[in-house]
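Following: one structure in structure tokens, then a few remarks.
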Amino acid sequence: MKTACVWRFHLRELLMSGSHQRPHLKRPVWIIVLVSMVCIFLIVAYAYPLQSSAAAACNFFSSKGCTMYVSKPSGSSRVLTDEETYSQVVVTEILKIPSIPLKNPKIAFLFLTPGTLPFERLWDRFFQGHEDRFSVYVHASKEKPVHISRYFIGQDIRSDTVVWGKISMVDAEKRLLANALQDPDNQHFVLLSDSCVPIHNFDYVYSYLMFTNISFIDSFMDPGPHGTGRYSEHMLPEVEMEEFQKGSQWFTMKRQHAIIVMADSLYYTKFKLYCKPGMEHGKHCYADEHYLPTFFHMIDPGGIANWSVTYVDWSEGKWHPRSYGAQDVTYELLKNISSIDESLHVTSDEKKTVLLKPCILNGQRRACYLFARKFYPETVDKLMHLFSNYTVVN
Ligand SMILES: *[C@@H]1O[C@H](CO)[C@@H](O)[C@H](O)[C@H]1NC(C)=O
Ligand SMILES: *[C@@H]1O[C@H](CO)[C@@H](O)[C@H](O)[C@H]1NC(C)=O
Ligand SMILES: *[C@@H]1O[C@H](CO)[C@@H](O)[C@H](O)[C@H]1NC(C)=O
Ligand SMILES: *[C@@H]1O[C@H](CO)[C@@H](O)[C@H](O)[C@H]1NC(C)=O
């Protein structure tokens, strides 16, 4: 445990030695200085376990706990910048705020779409009868949507252009969160696209999201070209390569986490500047797949599920996921998707390592998915026809 701790500390320092922040000491000298610092650090940690709770956590818990605390801003291994300290204080305080039990907690459904929503009729059916337990917000990035459902009329927020893969995607997500946060009854926030459909009924979705205290943010370590291959050292010192995560953009988020997203400008700016298409040497980074997965992995790893509740099928191995047409939509397909209880990640390196993990909530194995994409607009009639059948809980 301790050696892992020292080793981590050492590795960090080695990585940092390449950056401009470090005075150029001769190697043996700074290694001696470093080792002495580590020793002092450990002695202090043992002598003052309460004052140094981060270091204490490192000693008591596994090496995983060690990584979490020592390489994080909350550890004492690196002198933090002012901005990191401000950020850490704000995040820690927000996470400590207990959530006040509300009389009427609602789920905010945030639709990110170019224009008219092809599945508005299906969503209308989904929402029917649950009027006081949800709210709807629509961000239309290209053209003003034509709404047919009373739940959607008047729910368009002030929107802006979204360019696929660019930070404007994250900006649109933040705009939706900001609008939805203005209603104090909104306790959980779900981001959906125009090609997403519900695969369970409203009651199921409501209790699934409301009675867990976590956000369903997808996050995993992909050592391949579509994962850490997109990392840029310009993100140092705040974001190290070993923290850089990959995940789907389609999140659900509890209120605390949504407020933290509003408060963050430090990490947001790093991703805005250094995670974009056409970075150095033809490298492409997409902020919507990395910013929130990395940020929450760093600040509150235990507070996120690490999988997205929106199903998508990447098994065809193409640039875009599989899209379902009318001939694909059957009762069996929808039942298949809604009964999956293991989350799947595949690394993008040559090994194509498959990471399968059971979906566990409050200690119980559960179905992983509440929504699915991508469905072509032509499937709407078939989905409407099947909806009450495939969403029956059995
Ligand atoms: C969520 O609640 C469980 C108990 O209900 C608790 O053990 C756990 O620490 C909580 N997690 C977070 C991130 O608050
Ligand atoms: C998510 O992954 C992190 C490590 O990457 C882990 O610490 C955390 O416990 C995971 N979350 C859940 C709910 O299992
Ligand atoms: C549903 O799952 C079963 C078992 O995994 C599989 O054999 C079948 O082809 C699937 N059907 C559809 C429509 O995906
Ligand atoms: C719905 O389910 C019932 C019973 O399982 C079945 O008889 C009926 O044909 C199904 N309807 C459709 C549209 O699939």
Side-chain angles (χ1 to χ4, degrees), residues 4 8 54 57-58 60-72 74-75 95 188 197 199 208-209 211-223 227-228 231 239-248 251-254 256-257 289-309 311-316 321-345 347 353-369 372-376 379 382-383 386 389-390 394:
R8 283 273 167 199
C58 170
F60 286 123
F61 300 132
S62 65
S63 59
K64 216 170 164 191
C66 175
T67 325
M68 195 174 127
Y69 286 97
V70 171
S71 68
K72 282 293 135 53
S74 55
L95 286 177
H188 207 100
V197 304
I199 55 167
Y208 192 101
L209 296 177
F211 303 126
T212 51
N213 53 6
I214 56 170
S215 295
F216 292 88
I217 297 172
D218 189 27
S219 175
F220 82 110
M221 170 58 126
D222 176 1
T228 42
Y231 172 78
V239 184
E240 293 165 21
M241 185 156 88
E242 67 210 68
E243 320 251 45
F244 193 75
Q245 302 285 302
K246 163 91 178 258
S248 150
F251 62 72
T252 85
M253 212 180 262
K254 55 179 181 173
Q256 249 182 356
H257 282 166
E289 290 184 354
H290 299 282
Y291 163 52
L292 294 176
T294 304
F295 181 52
F296 282 101
H297 171 75
M298 291 175 73
I299 62 154
D300 192 16
I304 60 170
N306 302 319
W307 84 82
S308 164
V309 288
Y311 173 83
V312 70
D313 180 0
W314 284 104
S315 66
E316 289 179 344
R322 171 165 185 202
S323 292
Y324 298 100
Q327 75 285 358
D328 303 315
V329 173
T330 57
Y331 176 82
E332 194 192 2
L333 173 79
L334 295 157
K335 270 295 170 203
N336 270 10
I337 296 174
S338 64
S339 60
I340 297 170
D341 62 0
E342 270 181 325
S343 75
L344 170 81
H345 288 116
T347 63
T353 310
V354 175
L355 310 160
L356 268 178
K357 268 208 208 140
C359 293
I360 298 191
L361 286 183
N362 299 330
Q364 262 189 322
R365 186 141 176 181
R366 298 287 300 270
C368 305
Y369 304 111
R373 60 193 279 271
K374 303 176 79 157
F375 287 78
Y376 285 120
T379 58
K382 236 169 154 182
L383 286 165
L386 290 170
N389 253 32
Y390 73 78
N394 50 24

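Only this structure's heavy atoms are used, side chains among them; waters, hydrogens and symmetry mates stay out. Read the numbers this way: they start at 1 and go in the same order the structure lists the ligands and their atoms.
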Check: Can I304 be said to touch ligand 2, with heavy atoms closer than 4.0 Å?
Finding: yes
Note to self: Looking at every non-hydrogen atom in both residues, tell me the closest pair between K254 and N213 and how far apart they are.
What the structure shows: NZ-O, 2.7 Å
Note to self: Quick check against the 3.5 Å criterion: does N389 have a side-chain atom that pairs as donor or acceptor with the backbone of L386?
What the structure shows: no
Next item on the list: Say whether N306 and H345, considering side chains only, have a donor N or O and an acceptor N or O under 3.5 Å apart.
Entry: no
Check: Going by the atom numbers of ligand 2, which of them fall below 4.0 Å from some non-hydrogen atom of H297?
Finding: 5 (O)
Checklist line | Set of side chain to side chain contact (heavy atoms under 4.5 Å, CB included) partners for A305, sequence neighbours left out | finding: I214, F216, W307
Next item on the list: State which residues pass ring-ring contact (aromatic ring centres under 6.0 Å, His included) with H290; sequence neighbours excluded, sorted by chain then number.
Entry: F244
Item checked: Closest non-hydrogen atom pair between Y369 and L344, with its separation -> OH-N, 4.4 Å
Item checked: salt bridge (charged side-chain N to carboxylate O under 4.0 Å, His left out) partners of E332, counting only residues at least two apart -> none
Margin query: Counting only heavy atoms closer than 4.0 Å, does ligand 2 sit against the backbone of M221, its side chain, both, or neither?
Written below: neither
Margin query: If the criterion is any heavy atom closer than 4.0 Å to an atom of ligand 3, which residues make the list?
Written below: E332, L333, N336
